[in-house]
Participant: 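Structure below; questions to follow.
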Amino acid sequence: MDSINQQQPEQNRQDLQAADAIARIRAVVDKNSSCFFCTASRIGDAVAARPMSVQQTDERGHLWFLSANDSHKNAEIAADPQVTLYFQASKHSDFLQLRGRATVSTDKAKIKELWAVPIKTWFTGGIDDPRITVIEFAPADGYYWDNKHGDAVAGLKILIGAAIGKTLDDSIEGRVSL
């Protein structure tokens, strides 16, 4: 099992915990704040996935979103607060999957803190739109995959490895635990 990784001359697995895990989460979200926000659907065993944009990542690694109080997502969180997020921060690297617990609130101070003018597209009543809720996502664990030295070096290693018949993969992956 895992024969490809066993052929590599470099270590390519590193699990991250606590501060290192939070740093990885923040780095990925800083590059691309969009993710697939996945909840349990009320239809059988289905998973509902929709794109969402992170409004803030705090010092604990918690992610904050704005959502409508009458959305399917909020209803699904009320029924089952376990949520999974999927990020891809660049074309060939910076993948992150997080599992955790979501909570919904109507914290007006947090709404004001997270508000940005483009959000008015969805909340046409502005910052005081009564439908706005805050979702706090508290990650518990997850998995990441990235390359160590950037896309150019990773691509070069792949080309050289193919030419000489040796696995020269620049990837790094591991568990994320908070």
Participant: For the OG atom of S67 and the CZ atom of R131, what is their distance to the nearest 0.5 Å?
Facilitator: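 The CZ atom of R131 is 10.0 Å from OG of S67, to the nearest 0.5 Å.
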
Participant: Hey, does Q14 have a side-chain heavy atom less than 4.5 Å from the side chain of R175?
Facilitator: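 R175 vs Q14: side chains apart.
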
Participant: Using 4.0 Å as the upper bound for N to carboxylate O, is an ion pair formed by R24 and D146?
Facilitator: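 Salt bridge flag = yes for R24 with D146.
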
Participant: For residues A21 and S177, report the shortest heavy-atom separation together with the two atoms involved.
Facilitator: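 Closest approach of A21 to S177: CB-O, 3.7 Å.
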
Participant: Carefully, step by step, assess C35 and F65 under the rule side chain to side chain contact (heavy atoms under 4.5 Å, CB included).
Facilitator: CA-CA 11 Å; C35 67; F65 302 85; 4.0 Å; yes

Participant: Flag the pair R60 and E136 as a salt bridge only when some basic side-chain nitrogen lies within less than 4.0 angstrom of an acidic carboxylate oxygen.
Facilitator: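 Between E136 and R60 there is a salt bridge, with a charged N closer than 4.0 Å to a carboxylate O.
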
Participant: When rounded to the nearest 0.5 angstrom, what distance separates CZ in R26 from CG in D58?
Facilitator: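 Interatomic distance, R26 CZ to D58 CG, rounded to 0.5 Å: 7.5 Å.
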
Participant: Among Y144, W145, Y86, F87, find the residue that satisfies the ring-ring contact (aromatic ring centres under 6.0 Å, His included) test when tested with F95.
Facilitator: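 The passing option is W145.
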
Participant: Does atom NZ (K108) have a neighbourhood of more than 12 heavy atoms from anything else shown, all under 6.0 Å?
Facilitator: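 More than 12 heavy atoms, drawn from other residues, nucleotides or ligands, come within 6.0 Å of this atom.
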
Participant: Side-chain heavy atoms nearer than 4.5 Å, only ILVMFWY residues, links allowed to pass through others: does that put I135 and L178 together?
Facilitator: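 As far as the 4.5 Å side-chain criterion goes, L178 and I135 are connected within one cluster.
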
Participant: Testing the basics here: between D80 and A40, what is the closest heavy-atom pair and its distance to 0.1 Å?
Facilitator: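 Here D80 and A40 meet closest at OD2-CB, 3.8 Å.
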
Participant: Would V54 end up clustered with L96 when hydrophobic side chains under 4.5 Å apart are linked, directly or stepwise?
Facilitator: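 Both belong to a single hydrophobic cluster.
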
Participant: Can you tell me how far the CD atom of E76 sits from the CZ atom of R50, to the nearest 0.5 Å?
Facilitator: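 If I round to the nearest 0.5 Å, the distance is 5.0 Å.
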
Participant: T133 pairs by side-chain hydrogen bond (donor to acceptor under 3.5 Å, both in side chains) with which of N69, N74, D70, D107?
Facilitator: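 With T133 as partner, N69, N74, D70, D107 yield a single side-chain hydrogen bond (donor to acceptor under 3.5 Å, both in side chains), made by N74.
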
Participant: Tell me, with the steps shown, if E113 and Q55 meet side chain to side chain contact (heavy atoms under 4.5 Å, CB included).
Facilitator: CA-CA 9 Å; E113 182 181 338; Q55 300 302 313; over 6 Å; no

Participant: Checking Q88 against D94 for the side chain to side chain contact (heavy atoms under 4.5 Å, CB included) test, could you report, in this order, the C-alpha distance in whole Å, the side-chain angles of both residues, the deciding distance, and whether it holds?
Facilitator: CA-CA 6 Å; Q88 181 176 349; D94 295 307; over 6 Å; no

Participant: Output yes when a side-chain donor or acceptor of Q11 lies under 3.5 Å from a complementary backbone atom of R13, and no otherwise.
Facilitator: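 Here the side-chain-to-backbone pair exists.
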
Participant: Side chains of Y143 and E173: any donor to acceptor distance under 3.5 Å?
Facilitator: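 There is such a pair between these side chains.
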
Participant: Identify the heavy atoms of C38 and V47 that sit nearest to each other, and give their distance.
Facilitator: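 Residues C38 and V47, closest heavy atoms: CB-CG1, 3.7 Å.
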
Participant: Check the hydrophobic clustering (I, L, V, M, F, W, Y; side-chain heavy atoms under 4.5 Å; chains of links allowed) and say if I132 and L114 are grouped together.
Facilitator: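 Same hydrophobic cluster.
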
Participant: If I take atom CZ from residue R99 and atom CG from residue D141, how far apart are they, to the nearest 0.5 angstrom?
Facilitator: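 One gets 4.0 Å once the value is rounded to the nearest 0.5 Å.
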
Participant: Using 0.5 Å steps for rounding, measure from the OG atom of S93 to the CD1 atom of I172.
Facilitator: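 Separation between the atoms: 13.0 Å.
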
Participant: Taking atom CD of Q17 as the centre, report whether more than 12 heavy atoms of other residues, nucleotides or ligands fall under 6.0 Å from it.
Facilitator: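 For Q17, atom CD is not crowded (no more than 12 foreign heavy atoms under 6.0 Å).
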
Participant: With a 4.5 Å heavy-atom cut-off, do P51 and S34 have their side chains touching?
Facilitator: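 P51 vs S34: side chains apart.
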
Participant: Do W122 and I127 sit in the same hydrophobic cluster, where Ile, Leu, Val, Met, Phe, Trp and Tyr count as joined when their side-chain heavy atoms come under 4.5 Å apart?
Facilitator: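 Yes: a chain of side-chain contacts under 4.5 Å links W122 to I127.
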
Participant: Looking at I119 and L66, what are the two nearest heavy atoms and their distance?
Facilitator: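 Result for this residue pair: CD1-CD1, 3.6 Å.
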
Participant: Can you classify the ring geometry of F123 versus W115 as parallel (below 30°), tilted (30 to 60°) or perpendicular (above 60°)?
Facilitator: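 Plane angle between 30° and 60°, so tilted.
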
Participant: Distance from T39 atom OG1 to M52 atom CE, nearest 0.5 Å?
Facilitator: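 Output value for this atom pair is 10.0 Å.
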
Participant: Minimum heavy-atom separation for I25 and P139, please, with both atom names.
Facilitator: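 That would be CD1-CG, 4.1 Å.
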
Participant: According to a 4.5 Å side-chain heavy-atom criterion applied to Ile, Leu, Val, Met, Phe, Trp and Tyr, with indirect links allowed, do F137 and V134 form part of one hydrophobic cluster?
Facilitator: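 The answer is no; the residues belong to distinct hydrophobic clusters.
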
Participant: G174 and D15: which non-hydrogen atoms are nearest, and at how many Å?
Facilitator: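 Closest pair (atom of G174, atom of D15, distance): CA-OD1, 3.5 Å.
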
Participant: Heavy-atom distance under 4.5 Å between the side chains of H62 and T57, does that happen here?
Facilitator: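 No, side chains not in contact.
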
